[in-house]
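Reviewing the structure listed below.
The chains referred to below are lettered A, B, ... by the order of the sequence lines, with proteins before strands, and numbering in each begins at 1.
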Number of protein chains: 2
Amino acid sequence: MLRNRVKELRARHDFTQSDLGKLVGATRQTIGMIEKGDYAPSVLLALKISKALRVNLEEVFWIEGEE
Amino acid sequence: MLRNRVKELRARHDFTQSDLGKLVGATRQTIGMIEKGDYAPSVLLALKISKALRVNLEEVFWIEGEE
DNA sequence: ACCTAATGTTAAGTATCCTTTACAATGAAG
DNA sequence: CTTCATTGTAAAGGATACTTAACATTAGGT
């Protein structure tokens with residue numbers, strides 16, 4: 001349902017999962033799970049992630065199948 | 001921490017809490033709680049809400065105190 | 001071959017979201 | 001004043017997010 005580009009955008013900044021986790025106040029496991037698509041983060045964490053990756057939230061997270 | 005303009009934007013569309021809830025697949029109570037700031041929705045629900053309100057997610061939800 | 005950083009992946013537990021049900025408060029319309 | 005739609009609120013429970021801890025795998029550097 002929810003898709004994301006966290007892994008791609010994180011790599012673009014040369015952040016490790018740990019780096020990004022620290023930047024947004026989450027664990028590396030949480031980042032890993034989100035990248036894998038295992039679960040959808042809260043909007044709070046999603047906002048922090050998109051801010052850390054310097055893009056709009058919709059460029060990181062979007063609903064699969066929307067037009 | 002998380003602030004939002006759901007109530008204001010919902011009124012602008014003449015949606016009741018029930019209307020918006022049905023549009024996004026949530027209950028009116030959930031919408032009410034979000035408007036009240038009682039909790040931060042999932043990014044999935046937040047995306048659906050911003051889509052129903054026809055604005056970018058960041059125009060509906062934002063982190064208090066960011067520059 | 002060894003060491004280390006990074007990632008993958010599980011399991012268990014805590015925290016938070018979200019629903020269902022229920023009842024109260026408000027306000028507009030008759 | 002009554003009726004109805006809307007909203008506020010709260011408790012209980014189910015679903016999901018997130019953490020901590022642990023161990024495995026991969027890749028690079030020495």
* Asked: For Gln29(B), does its backbone N or O pair with a side-chain atom of Gln17(B) as donor and acceptor, under 3.5 Å?
  -> no

* Structure fact -> Per-nt protein contacts along nucleotides 15-21 of chain D (heavy atom under 4.0 Å; B base, S backbone sugar-phosphate only, - none) come out as --SBBBB

Kindly say if [X] contacts the phosphate of [N], meaning a side-chain N or O under 4.0 Å from OP1 or OP2.
{"X": "Lys7(A)", "N": "dA6(C)", "value": "no"}
{"X": "Arg10(B)", "N": "dT7(D)", "value": "yes"}
{"X": "Lys36(B)", "N": "dT9(D)", "value": "yes"}
{"X": "Lys48(B)", "N": "dC18(C)", "value": "no"}

* Quick one: which of Val24(B), Leu53(B), Val43(B) gives a side-chain contact (heavy atoms from CB on, under 4.5 Å) with Lys48(B)? -> Val24(B)

* **Identified salt bridge (Lys or Arg N to Asp or Glu O under 4.0 Å) counterpart of Glu35(B) within the set Arg28(B), Arg10(B), Lys7(B)** => Arg10(B)

* To do: Could you walk me through whether Phe61(B) and Val6(B) pass the side chain to side chain contact (heavy atoms under 4.5 Å, CB included) test, one step at a time?
  => CA-CA 8 Å; Phe61(B) 298 97; Val6(B) 172; 3.8 Å; yes

Between [X] ([atom1]) and [N] ([atom2]), how many Å, whole number?
{"X": "Leu44(B)", "N": "dT16(C)", "atom1": "CG", "atom2": "C1'", "answer": "16 Å"}
{"X": "Gln17(B)", "N": "dC18(C)", "atom1": "CD", "atom2": "P", "answer": "15 Å"}
{"X": "Glu8(B)", "N": "dT7(D)", "atom1": "CD", "atom2": "P", "answer": "15 Å"}

* Report the C-alpha separation of Phe15(B) and Leu9(B) in whole Å, then their side-chain angles, then the decisive distance to 0.1 Å, and conclude whether the side chain to side chain contact (heavy atoms under 4.5 Å, CB included) test is met. => CA-CA 9 Å; Phe15(B) 290 155; Leu9(B) 295 169; over 6 Å; no

* To do: Take Leu45(B) and Ile34(B) through the test side chain to side chain contact (heavy atoms under 4.5 Å, CB included) and record every step on the way to the result.
  => CA-CA 10 Å; Leu45(B) 183 52; Ile34(B) 290 170; 3.8 Å; yes

